[in-house]
Structure formats: structure tokens, C-alpha cells
Amino acid sequence: MGYLCRQLLPGRLKKATIEFARDGAYTKMYKGQRSDMGYINGLLGRRPEDPRLRKAFSEAEKEGVEVQFVIRDFPPVVPNIAHVIMENEQGQTVEVHTDSTGGGTVKLLSIDGFDISIVGDCYELVVYTQGSEIQNQALLGKMIELFPDNEGSSCCVRDGRGLLNLKRHTPYTAEIFGKIKEMPGVLEVRTISPILVVPSNRNASLPFHSAAEMLEMTAKTGKPLWELAIDYEMARSGWTREKILDYMKYVVETMESGTLEALAGNIDMMGIIGPTAGKIKRYMDTDPKSIDMGVINTASTWAMATMEYSSAMGVVLCAPTGGSAGVFPGAILGTMTHMGCSMDEKIKAMLVTAIIGIVMSKDYNYSAELYGCQVEPGAASAMAAGGLAWVMGGTPEQSCQAASCALQNILGTICDPVAGLVQIPCINRNAMSAANSVVSANMVMGGFDPLIPLDQAAETLFRVGKQLPSELRCTCAGGLCITPCGQRLAEEQEIRDNAR
């Protein structure tokens, strides 16, 4: 969000204020989830994977940029709303209202009081204008004529001023940019480059949407789920088959390298606990008193290690969210490494895992602030269970059954990160969720039928999430967070954070 907002301010950034709603989800969470570091990193013009994110505060000081975070009294129209006010060296300001929508996805809600919807998947043209509603609509029509391949547009007019927005796949040329600036009624023109890896493709004809449609497609074509995942992604992104496979290999390699680094234990988690995944793995591998859980020993410790790496600000995959980043490395990659599987097999298993997640969330997003922890490590365990069923030679139907089984096991799981950190109980829940994946896949492959189709289980997941009280949906206002120990840990962490 910081990266997108920064592009709207011309010149050199001098000062930024990020305001959080007192009754919103950020208030007790933004420090523990490192949202402050993320905003600063983006406002400095850096992408999320930039390793300097870990030093965001000192980097801002080095750049001479003053950044402050404040709690204000304004309505939390969405749980993760924030007001970002930026000022450049000439005194010009821009105010953007933002929303973190889960799993690394974001939305800009308004710019300088004008309603807008920007999610970082397009090259955005943002045009400040003057004139009536009719004049602005006519001006937007002329812009659309210049870009018949546009991905959408909007017009917001207030008190004789307007903000027009046009979206497209590719950058705007200097020539076209100049033509728009010369149009009558245009005051300023700004552009935003996308932040998401996969660009928008709103006119794409997708091969399926639901799990039922996916199963119909595999029955019709005879293709395995990993092939359907490639077909879906080619239609959605426009990427080639080779690019999709290469990128998934990059994802797998990134997850594995981070996990292995964390297992060595030489990381600073900057929170209420230190790294223990490597220690636990050594205990399980060498101490005869430990209970032999087979592959779960590897899956659970790999899941823990990735979450510990995330707490140390290492590069992880939000899968489907940051709070569930350990499940795929543990359940899929840890298990498959234990089994001696090849990189090619890991890539295919991850594609199956991904497409299960796509059909599960066809009408929703994976946001704990909206649906609780069941849509973070819980949903990830369902996706991984489907992938593991494929690893075991299962049919597409069995992959969907394994996912449904895993979902049934975690319905109603609350989100209560102690001290606002993604550590307790997040790390242990990732380990539990990795085990849930293995257990669910084994049960289904052994003949268990969870009966409820995946589409219906997924709909139930999100319905149950809406029924959870806000205190149990990633606000630090319920669950373990309000135990005497949880409150003490939060106070101690506040002191550490303020000393940064």
C-alpha cells in the first residue's frame, strides 16, 4: 500500500502520517505484524521483497523522511482501514485511504476524498480534473477512446472537481500521457505501476470457477489438476506454460531456502519467543524419548521454521496469507523432501495446492480480520491436503475430498495473535495445520469420505467466519490475547517496539 501511495505524490517525500482507526483491526496489531515497516518500505519506493524492509525505520531516517503512526477516531468502514497522508518538500500533500484485504492483497479506497478502487494489478492512470459530472464523463469517454484495451475505468466528481481513473495491462507511453495532459479540464495526471506479480486480466475467459466445475473439466479433458492449474493461470495471467512452471520453481526454491536457513536457528525473531524449530527437529530425529510421527516430524518442524523465518522478516510466500506461510513448506515441501520427491513433482504438487485454493475462494478472500484463523493456516491445510492427495496418486475427486476433510477439522478456529505478533499461537497452529493436511490426505486415500463437497465446505468456512465476533478475528481483543500472561507479553513487547 505504501508503494502504491508513494507513486501518487510528485517530488521528494518529506513526511508521511499513517492513521489507524481506534476501533479497527490495526490498532493492536500493526507493530506485531510489522505493518509499520511495510508502510515505510513502500513509501520509500521499495517493493515488499526488498530485504531493506527489515531496517525500514533507519532507512527512512537515512533518507530524511519523517514517518509517524497515530491512532485516530474515525469509522472503521473496513477492519484494516488506514489513512495515509504524504507531504513532499514543496508542501504538496496527498491523502489516500487504504485497506489490507488479506493474503498480501490490498486496495486503495480513495485519493484526496475521491472514491476509487485500485488493487495494484494494473498500470493506473489517475487524472485530476475540473468541471461538472457531464464534462468529466465526456472527458473519461475521450480517454477510453485512446485505450480501447482498458481494464476498467471510474469517475468521481465532487464540488466541481473530479478524479478519473483508467486501468490497463501495459504502461502508458509519453506521447499518450502528453495528449491527456493537454485535454481541456485536466489539472494533473499521475500514474501508478502495479505491485502484484500477475497483472489484471478482467476480460479473461476462465476455464472454471468452482470445485464442481473443475472436476467436470478434468472428467471432460482427462487432465490432472496440475495441468488444469496451468490452463487456469494461462487464461488468467496471459503467461506461457514455461513461465508459469519457472515461476513456481522459483517459489518452491524460495520457500525451501528460507525454511532451511531458519532450521539452523541463527535468526532474530524480534518478539516474545526465539527460534526453536531446528531444536525440535533435532530432538525428534535423535532422542529415543520422542514420539515417532513419521513424516509429520518433518512437516511440522518445517512449518514452524518458515513462520519463525517470517517473524525474522525473511522473504516468505503468503500462502494464502502471511499468518499461514508455514503450511505449504511444511505439509507439501517438507513431506515431499522426506519422501525423496523431485523438483518436478514438487512443482506439480504446488500447482494442485494452488488451484484448490483458487476454487475455495472464488467468492471471498483469505482475511483473518474478516473470517478468523480458519482462513489462514486452516484454509492452507485444506489446500495442502489436496496437493498431498495428488502426491499419493489420488484422483482429482480425492484431492477435493481431502481438502473438504481438512476444512471440516478447523471450522471456527479463532485468530488471537498474542501481543499482535504472528508467533503465539500462529507458529504452533501452522505446525498443527501441516499435520492436519497429512492426516486428512491419508484418511481420504484410505477410503474415508467426508461427504460434504468442497464447494459447500468452503462456503461454510467463510459463513462461519462471518459469524465469529470481531474479538476473535485478528484484533487482539479476545482469545489468548486477553489472558493475564497474554496482556503482560503485550506490554513487554510494546516497550521493545518503542525502543526501536
Side-chain angles (χ1 to χ4, degrees), residues 1-13 42-47 84 86 88-90 92-98 105-205 234-240 243:
M1 290 179 283
Y3 181 83
L4 296 174
C5 291
R6 176 63 187 88
Q7 297 179 66
L8 290 166
L9 181 73
R12 184 177 175 82
L13 176 66
L43 288 167
L44 294 177
R46 299 166 183 171
R47 294 180 60 85
V84 181
M86 302 171 292
N88 65 17
E89 291 181 333
Q90 290 71 46
Q92 185 176 5
T93 63
V94 175
E95 179 171 339
V96 187
H97 293 183
T98 70
T105 61
V106 301
K107 181 183 288 187
L108 305 189
L109 304 173
S110 70
I111 300 172
D112 290 329
F114 295 100
D115 294 336
I116 204 159
S117 179
I118 291 175
V119 298
D121 64 345
C122 288
Y123 289 91
E124 307 278 352
L125 195 65
V126 177
V127 183
Y128 289 83
T129 66
Q130 61 182 2
S132 66
E133 176 78 33
I134 294 176
Q135 290 171 323
N136 273 278
Q137 289 290 352
L139 182 57
L140 180 61
K142 293 179 181 179
M143 290 168 52
I144 291 174
E145 289 178 5
L146 292 173
F147 305 106
D149 62 341
N150 74 85
E151 290 282 303
S153 62
S154 68
C155 173
C156 184
V157 179
R158 290 182 178 175
D159 302 322
R161 303 290 291 269
L163 189 77
L164 309 183
N165 174 225
L166 198 72
K167 307 170 183 293
R168 68 193 305 246
H169 266 298
T170 54
Y172 300 91
T173 65
E175 179 184 1
I176 296 294
F177 194 80
K179 286 184 179 181
I180 293 175
K181 291 179 70 174
E182 294 172 0
M183 289 181 176
V186 171
L187 301 176
E188 292 183 72
V189 182
R190 297 170 192 169
T191 59
I192 298 178
S193 296
I195 189 69
L196 297 181
V197 174
V198 177
S200 173
N201 191 359
R202 299 177 189 183
N203 300 318
S205 178
M234 288 174 65
R236 170 65 181 82
S237 67
W239 288 10
T240 64
K243 186 175 181 179

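All of these numbers come straight from a predicted model, not from anything done at the bench. Any value given below was found using the heavy atoms of this structure, including those in side chains, with hydrogens, waters and symmetry copies removed.
- Note that CG of Leu140 is 14.0 Å distant from CD of Gln135, once rounded to the nearest 0.5 Å.
- A donor-acceptor pair under 3.5 Å is formed between the side chain of Asn201 and the backbone N or O of Ala235.
- Applying the salt bridge (charged side-chain N to carboxylate O under 4.0 Å, His left out) rule to Arg46 yields the partners Glu59, Glu63; only residues at least two apart in sequence or on another chain are considered.
- Heavy atoms from other residues, nucleotides or ligands lying under 6.0 Å from CD of Gln90 number more than 12.
- A distance of 8.5 Å separates OG1 of Thr93 from CG of Asn88, quoted to the nearest 0.5 Å.
- Checked against ring-ring contact (aromatic ring centres under 6.0 Å, His included), Phe147 has the following partners two or more places apart in sequence or in another chain: Tyr172.
- Interatomic distance, CG of Leu187 versus NZ of Lys181, reported as 12.0 Å (0.5 Å rounding).
- Note: Ile111 CD1 to Leu4 CG = 9.5 Å, rounded to the nearest 0.5 Å.
- Taking Arg190 as the reference, Glu188 meet the salt bridge (charged side-chain N to carboxylate O under 4.0 Å, His left out) condition, with sequence neighbours excluded.
- Counting all heavy atoms, side chain and backbone alike, Cys5 lies closest to Met86 at O-CE, 3.1 Å.
- Side chain of Glu182 to backbone of Lys179: no donor-acceptor contact under 3.5 angstrom is found.
- Heavy atoms only, all atoms of each residue included: Val198 and Ser237 are closest at CG1-CB, 3.4 Å.
- Separating the CZ atom in Phe114 from the OG atom in Ser154 is a distance of 11.5 Å, to the nearest 0.5 Å.
- Looking at residues two or more places apart in sequence or on another chain, you find no salt bridge (charged side-chain N to carboxylate O under 4.0 Å, His left out) involving Asp159.
- With hydrogens and angles disregarded, a donor-acceptor distance shorter than 3.5 Å links the side chain of Arg236 to the backbone of Pro199.
- The backbone N or O of Gly113 sits nowhere less than 3.5 Å from a side-chain atom of Ser110 that would complete a donor-acceptor pair.
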With a cut-off of 3.5 Å and sequence neighbours excluded, list every side-chain donor-acceptor pair involving residues 115-125.
from: Glu124; atom 1: OE1; to: Asn165; atom 2: ND2; distance (Å): 3.0
from: Glu124; atom 1: OE1; to: Lys167; atom 2: NZ; distance (Å): 3.0
from: Glu124; atom 1: OE2; to: Lys167; atom 2: NZ; distance (Å): 3.2

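- Under the side chain to side chain contact (heavy atoms under 4.5 Å, CB included) criterion, Ser205 pairs with no residue at all, not counting sequence neighbours.
- Using a 4.5 Å heavy-atom threshold, the side chains of Val106 and Thr98 count as separate.
- Asn150 and Asn203 get closest at one heavy-atom pair: O-ND2, 4.2 Å.
- Nearest approach of Ser153 to Leu166, heavy atoms of both residues: CB-CD1, 3.6 Å.
- For Asp112, the side chain to side chain donor-acceptor pair (under 3.5 Å) partners at least two apart in sequence or on another chain are Tyr128.
- Here the OG1-CG distance, from Thr129 to Leu164, works out to 4.5 Å after rounding to the nearest 0.5 Å.
- Asn136 and Gly131 get closest at one heavy-atom pair: ND2-O, 3.1 Å.
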Evaluate side chain to side chain contact (heavy atoms under 4.5 Å, CB included) for Gln137 paired with Ser132, printing each intermediate quantity in order.
-> CA-CA 9 Å; Gln137 289 290 352; Ser132 66; over 6 Å; no
Residues Thr191, Gln7; criterion side chain to side chain contact (heavy atoms under 4.5 Å, CB included); working and verdict = CA-CA 7 Å; Thr191 59; Gln7 297 179 66; 5.8 Å; no
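- For the pair Val84 and Glu95, the minimum side-chain heavy-atom distance is 4.5 Å or more.
- Without hydrogens or angle criteria, Arg6 side chain to Leu9 main chain gives a donor-acceptor distance under 3.5 Å.
- Every salt bridge (charged side-chain N to carboxylate O under 4.0 Å, His left out) that Glu89 has, sequence neighbours left out, goes to Arg12.
- Applying the side chain to side chain contact (heavy atoms under 4.5 Å, CB included) test to Met234 and every residue at least two apart in sequence or in another chain returns Ile230, Arg241, Ile244.
- In this view, Val197 and Trp239, Tyr247 satisfy the side chain to side chain contact (heavy atoms under 4.5 Å, CB included) rule, not counting sequence neighbours.
- Applying the ring pair (Phe, Tyr, Trp, His ring centres under 6.0 Å) rule to pairs touching residues 185-205 yields nothing, sequence neighbours excluded.
- Residues meeting the ring-ring contact (aromatic ring centres under 6.0 Å, His included) test with His97, sequence neighbours left out: His83.
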